Amino acid sequence: MTIKSLIRTIPHYPKPNIMFRDITSLLKDPIGLRITIDELVRRYADMEIDKVIGIEARGFIVGAPLAYALGKGFIPIRKKGKLPAKTIGYDYELEYGTDRIEIHADAISPGERVLLVDDLIATGGTAEAATKLIEKMGGKIVECCFVIDLPDIGGRKRLEKHGYSVFALCEFEGD
Ligand code: AMP
């Protein structure tokens, strides 16, 4: 059984011609959940990491158990208006319009080494915005980590162009 084989594809969701890669089928499988987190724990156990940062919402599902297993703290990056204390935000471009992500202003101390986690990288727009926020706070990004990479869309290359290391547990060709 592989991680990739447990990820279900929903064609034309949330709009026509999008192949939605759904990790809920992976997460509900007890072995699937375990091998996903264990593989990441193996990769990061010996790396110097202070905090794991997850991107709302599916980045929380993977990031929090990973942080727990590594014995590190977990920090959420959320959509605008969701975090209760003082925040720092970053606005980024979508296909139509803009969006904003936020992090608590006291979440990262300058110089801390962080691992950024989300379920999937497509265009890399969301992850790039997260890296800008983390850099703004003086955090050092050890790696950007995903369950799924869609290499044909180019997000990985986009992050690598900025000098970030990118890791994904599996890839789906096409979009
Ligand atoms: P992007 O900013 O284009 O890299 O998009 C990444 C975010 O959108 C991630 O948080 C994903 O959860 C979600 N996403 C984008 N494309 C897909 C897809 N084909 N299937 C599932 N989730 C997606």
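Note that this is a predicted model, so its numbers are computed, not measured. All ligand and atom numbering here is 1-based and tracks the order in the structure.
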Close N or O approach (Ala122, ligand 1; < 3.5 Å): yes

Side-chain heavy atoms of Ile148 within contact of Leu169, under 4.5 Å: no

Region of Thr123 engaging ligand 1 - heavy atom pairs below 4.0 Å: both

Validation row: Leu115, Leu66 side chains within 4.5 angstrom (heavy atoms): yes

Check: Phe20 N/O within less than 3.5 Å of ligand 1 N/O: no

Close approach of Leu120 to ligand 1, heavy atoms, under 4.0 angstrom: yes

Per-residue contact class, Asp118 against ligand 1 - non-hydrogen pairs under 4.0 Å: side chain

Min N/O separation Glu56 to ligand 1 under 3.5 Å: no

For Arg58, the ligand 1 atoms whose distance to one of its heavy atoms is below 4.0 Å: 11 (C), 12 (O), 13 (C), 22 (N)

Heavy atoms from other residues, nucleotides or ligands near CZ of Arg34 exceed 12 (cutoff 6.0 Å): no

Separation between CZ of Phe167 and CG of Leu40, rounded to the nearest 0.5 Å: 6.5 Å

Close side-chain approach of Leu26 and Leu33, heavy atoms under 4.5 Å: no

Would you mind writing out the side-chain donor-acceptor pairs for residues 129-136 within the sub-3.5 Å range, not counting sequence neighbours?
| unit_1 | atom_1 | unit_2 | atom_2 | d |
| --- | --- | --- | --- | --- |
| Thr131 | OG1 | Glu128 | O | 2.6 |
| Glu135 | OE2 | Tyr164 | OH | 2.6 |
| Lys136 | NZ | Gly89 | O | 3.0 |

Greater than 12 external heavy atoms within 6.0 Å of Lys4's NZ: yes

Remaining members of hydrophobic cluster (4.5 Å side-chain criterion), Tyr13: Ile10, Phe20

Atom indices of ligand 1, in the order listed, that fall short of 4.0 Å to a heavy atom of Met19: 18 (C), 19 (N), 20 (N)

Ligand 1-proximal atoms of Leu150, by part, heavy-atom distance under 4.0 Å: side chain

Distance filter under 4.0 Å to Asp119 heavy atoms, resulting ligand 1 atoms: 9 (C), 10 (O), 11 (C), 12 (O)

Gly124, any N or O under 3.5 Å of ligand 1 N or O: yes

